[in-house]
Amino acid sequence: RFFSFNNNITAAAMGKRGNDNSSKARKRKMKGVEGDNVVENVETKQSANKTTLNGHGSVLVAVVLTVIVCIVCYSNALNGNFVFDDLPAIKDNADVYASRTGLSSVFKNNFWGQAMDAFDTQHQSFRPLTTLSFRWENSLHGMDKMYFHAFNIVFHAIASSLVVVASTKILSAPSTCELSLIGMLFASHPVHVEAVTGLVGRAESLSAIFFLLSFIVYTRSCKVETVGVKHVAISLLFATMALLCKEQGITVVGVCLVYELLTVCDFDPMKILLPPKSSSHSRRSRQKKKTDQLGFITLHNTSVARLVLLVVVGGAIMAWRSSINAQEIKVDAKTNPSNHIDDTLLRYLTKNLYAVLHCWLLLFPKVLCCDWSGGSVALINSLTDPRIGWIALMYIVVVGAIIWAFAAKRSVRKEVLLALAISIASFIPASGLFMEVGFVLAERVLYLPSIGYCVLVVVFARHALNKGQPVSWGSIATIFCIVTVALYSYRTYLRNEDWESELRLYHSGFIAAPNNEKLHHNAAYYMHGEEQEHHYREAIRLYPPYISAYTNLGVNLAQAGRLDEAIEVYRKGIEMHYKYPIYSTDVGLMLRNLGYAYRDAGDLENSLNTFKECLNVRTDHSKCHHAINYLEGEIKRRGGNRKKKATPASDLEFKDSVEHINTEIFSGIKERDTPTVVMFYAPWCSHCRDMHSDYEKAKKLSAIPFVAVDCTRNEDLCSSEAITGYPTIRAVSRRGSVEYQGDRTEADLTKFAKDNK
């Protein structure tokens, strides 16, 4: 009869003075197999009743404090620019512009606007819901960076608030103080700057929102009396949406499975080692409740049904997502060198070292970097490497925490193991242990794992600093957590400033990862003169097969008139490509640049041969054919003399009289209110050469700037602007671009400039 008593009846009975004997009898019964669990269930239900009375108020207070901390931490992030991965994923992504692509393309292309089955795609990130959010924002307010940053902060605040709500499902009778501390820790953690101030990090916050919604909804289905199909279905729908924002989101299915096992099935492997004694009363109770008890787990029919739904439907969702990947991507050594370690043991030790360093970033987020790749972390090349001790320590701590949790009482077990489940399950896809990933470390992938970390901090404060009692305001545990929040907030505020500009971001990266070749290469793009050349050469020194570094260094040397050096750099780059071929590298681009350098140096024969070689590799052959036709015509016109200077005087004069711009300057032009007339041309184009004189005259007569883009030197820019013919002339400004449709004459060009002033 005791097992059928509800909470209020039990509490009332135990509160009466005249029931001492029955109370003792009940205590004796509790020594059976289910006794401990019943006591804890009674305590849990009593705590739940107390929480229900003022739970909504506690959650509301915690959410308000969390949002305030979030706003304060990111108040200086609104004026940041599009930097780093924001440029290819948002600003230069055609799928973000409704005027350039249809809605269906968002569900066909990857996160960077490339077709999923394209040969030169960088990876298989399929995140259509995140791309849709950028597309929706662009339709509302254009590419105004302030609004993009504002929405990122809003999404982070929503995710932080949902962390508070989810914590009520994890902690046993959490106090207002505990919920507030968890929310504030999450909102202020510095590793989230990449996911909040970095605009492409929206994939993390959106995925976290649906991840948490999926978990919260699933907890409502966990009842013995009914399966709760509706809640399970909604939970799986949210899990799918989390997956479509960022691949890590689907791991919520595993977290829900752990929640089911711990809360409803009372999973406890310690009972295998120390099996409790069974009793006839407990057997009758199990039969009445239609359960099967295996000693370490209690299986209800409803629980089994939910577990089957999670495994089958969750597995089907992951199988569908895997089927979208058109091909296996091999990450090159400059991105993640651990993938290229031949020795299997050393390879997995290095990847486990990366996991240790991710844990370190969660605990001590002082040294941060936008791109932990390449040589950022030294590889483990020997079994005598002392860092293997840190790997062993990590596993000892995690396994020790799990064993301690199972040995503790039921409520503590649930808190610790659920927090660990969130952290471990959500990190596994990004760990590189089971699949290749395109980074060494990445602060953004800690967005979901940090949820479990924040919960564990408060659990530690409760049991280590507050003697197992809920943390209240003014306690030592609270002071410890508040100091941590203050330090995190300060570090986050300072870190936001690093993301204000591309160059500042890379300079901060040099402090954390001075041997990262990608940082040197990317920073050089925004530098000039000797400093730029130094960083390109440093990138090549750190990673000799760095084809992009050879290409960009050669372009800069050629533009500076150092053609012999440019030719030598291009030839070395091509040699390194054939020696260390890198997946998706367009060697044709370097061959074309080498051909142009030979041409400008007057060596038409080598130029012609280089462009012919270009036809034998995977590249845009149309550009090679254009150059070959031009060179053959030039050689014929010059009477077969292949050593005369190939660049006509008019071409040189045009470059002297009209400013030639690159991608960086063009991006600035697109932000100006005053329009600029831009000619996109190719030196081999006869129509372009015929128009040079009129374009120069129109420039002198017009009140707005006239500039030019040599598409043989700026192929990426011309490709992103969808230039398909030469010359193409546009008036470009903040309001967009207007294409010139008139004749190639000075008068029409001048009128076009006046009309678009």
Side-chain angles (χ1 to χ4, degrees), residues 106-112 115-117 121-132 166 203-219 221-222 227-262 303-331 339 351 355 418 420-439 442 444-449 451-452:
V106 176
F107 295 91
K108 295 178 183 178
N109 298 336
N110 66 16
F111 191 48
W112 313 94
M116 289 293 289
D117 58 351
T121 186
Q122 294 297 308
H123 46 70
Q124 300 289 337
S125 53
F126 181 66
R127 303 164 191 171
L129 294 187
T130 304
T131 304
L132 277 177
E204 315 295 336
S205 56
L206 285 179
S207 182
I209 288 171
F210 292 119
F211 179 103
L212 292 164
L213 287 173
S214 176
F215 173 71
I216 293 167
V217 171
Y218 184 82
T219 61
S221 72
C222 292
V227 176
V229 175
K230 181 178 73 173
H231 287 108
V232 175
I234 295 173
S235 174
L236 288 168
L237 174 62
F238 281 136
T240 305
M241 296 175 74
L243 170 69
L244 295 178
C245 293
K246 178 72 182 289
E247 291 73 15
Q248 284 174 280
I250 194 61
T251 57
V252 70
V253 174
V255 175
C256 292
L257 191 147
V258 172
Y259 183 87
E260 181 80 40
L261 292 174
L262 292 175
S303 293
V304 173
R306 285 191 293 269
L307 290 173
V308 170
L309 282 173
L310 284 176
V311 173
V312 173
V313 179
I317 293 170
M318 286 188 278
W320 165 77
R321 173 61 186 86
S322 298
S323 68
I324 295 176
N325 293 348
Q327 55 194 318
E328 182 181 356
I329 299 300
K330 187 69 176 177
V331 179
N339 295 325
K351 291 187 176 186
L418 271 176
L420 285 173
I422 293 173
S423 293
I424 295 173
S426 60
F427 179 70
I428 284 176
S431 66
L433 293 172
F434 303 101
M435 64 189 77
E436 289 193 8
V437 294
F439 51 83
R444 60 187 177 277
V445 303
L446 293 174
Y447 197 87
L448 282 174
I451 298 172

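This chain uses plain numbering: 1 for the first residue, then up along the sequence.
Interatomic distance, CG of Leu206 versus OG1 of Thr130, reported as 5.0 Å (0.5 Å rounding). Note that the CZ atom of Phe210 and the CG atom of Leu244 stand 9.5 Å from one another [nearest 0.5 Å]. Note that CZ of Phe126 and OG of Ser322 are 12.5 Å apart. Values are rounded to the nearest 0.5 Å. Distance check, rounded to the nearest 0.5 Å: CG of Leu257 to CG of Leu261 gives 5.0 Å. One distance of note links CG of Leu243 with CZ of Arg321; it measures 6.5 Å at 0.5 Å rounding. To the nearest 0.5 Å, atom CD1 of residue Ile234 and atom CD1 of residue Ile216 are 13.0 Å apart.
Residues Ser125 and Asn110 share a closest heavy-atom pair of O-CB, 3.1 Å. When all heavy atoms are compared, the tightest approach of Val232 to Val227 is CG2-O, 4.1 Å. Listed here is the closest heavy atom pair of Leu236 and Leu309: CD1-O, 4.2 Å. Looking at every heavy atom in both residues, Phe439 comes nearest to Arg444 through CD2-NH2, 3.8 Å. The shortest non-hydrogen separation linking Gln248 to Ser426 is NE2-O, 2.6 Å. Heavy-atom minimum distance, Val253 versus Leu310: CG1-O, 3.6 Å.
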Between Phe211 and Val255, is the side-chain contact (heavy atoms from CB on, under 4.5 Å) condition met? List the steps. CA-CA 10 Å; Phe211 179 103; Val255 175; 3.9 Å; yes
Please determine whether side-chain contact (heavy atoms from CB on, under 4.5 Å) holds for the pair Ile428 and Thr251, giving the CA-CA distance in whole Å, both sets of side-chain angles, and the decisive distance to 0.1 Å. CA-CA 9 Å; Ile428 284 176; Thr251 57; over 6 Å; no
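Under the side-chain contact (heavy atoms from CB on, under 4.5 Å) criterion, Leu237 pairs with Met241, not counting sequence neighbours. Qualifying side-chain contact (heavy atoms from CB on, under 4.5 Å) partners for Ala421, counting only residues two or more places apart in sequence or in other chains: Val258. Qualifying ring pair (Phe, Tyr, Trp, His ring centres under 6.0 Å) partners for Tyr447, counting only residues two or more places apart in sequence or in other chains: His156, Phe186, His192. Listed by chain and number, the residues in a ring pair (Phe, Tyr, Trp, His ring centres under 6.0 Å) with Phe427 are His358 (sequence neighbours excluded). Residues forming a ring pair (Phe, Tyr, Trp, His ring centres under 6.0 Å) with Tyr259 (at least two apart in sequence, or on another chain): Phe215.
Contact of the Phe107 side chain with the Ile324 side chain is not registered, since no non-hydrogen atoms from C-beta on lie closer than 4.5 Å. The closest side-chain heavy-atom distance from Val308 to Val304 is below 4.5 Å.
Counting only distance, with no hydrogens or angles, the side chain of Arg127 and the backbone of Ala203 share no donor-acceptor pair below 3.5 Å.
Sequence neighbours left out, the pairs with a member in residues 203-218 that pass side-chain hydrogen bond (donor to acceptor under 3.5 Å, both in side chains) are Glu204-Lys246, Ser214-Ser235, Tyr218-Glu260.
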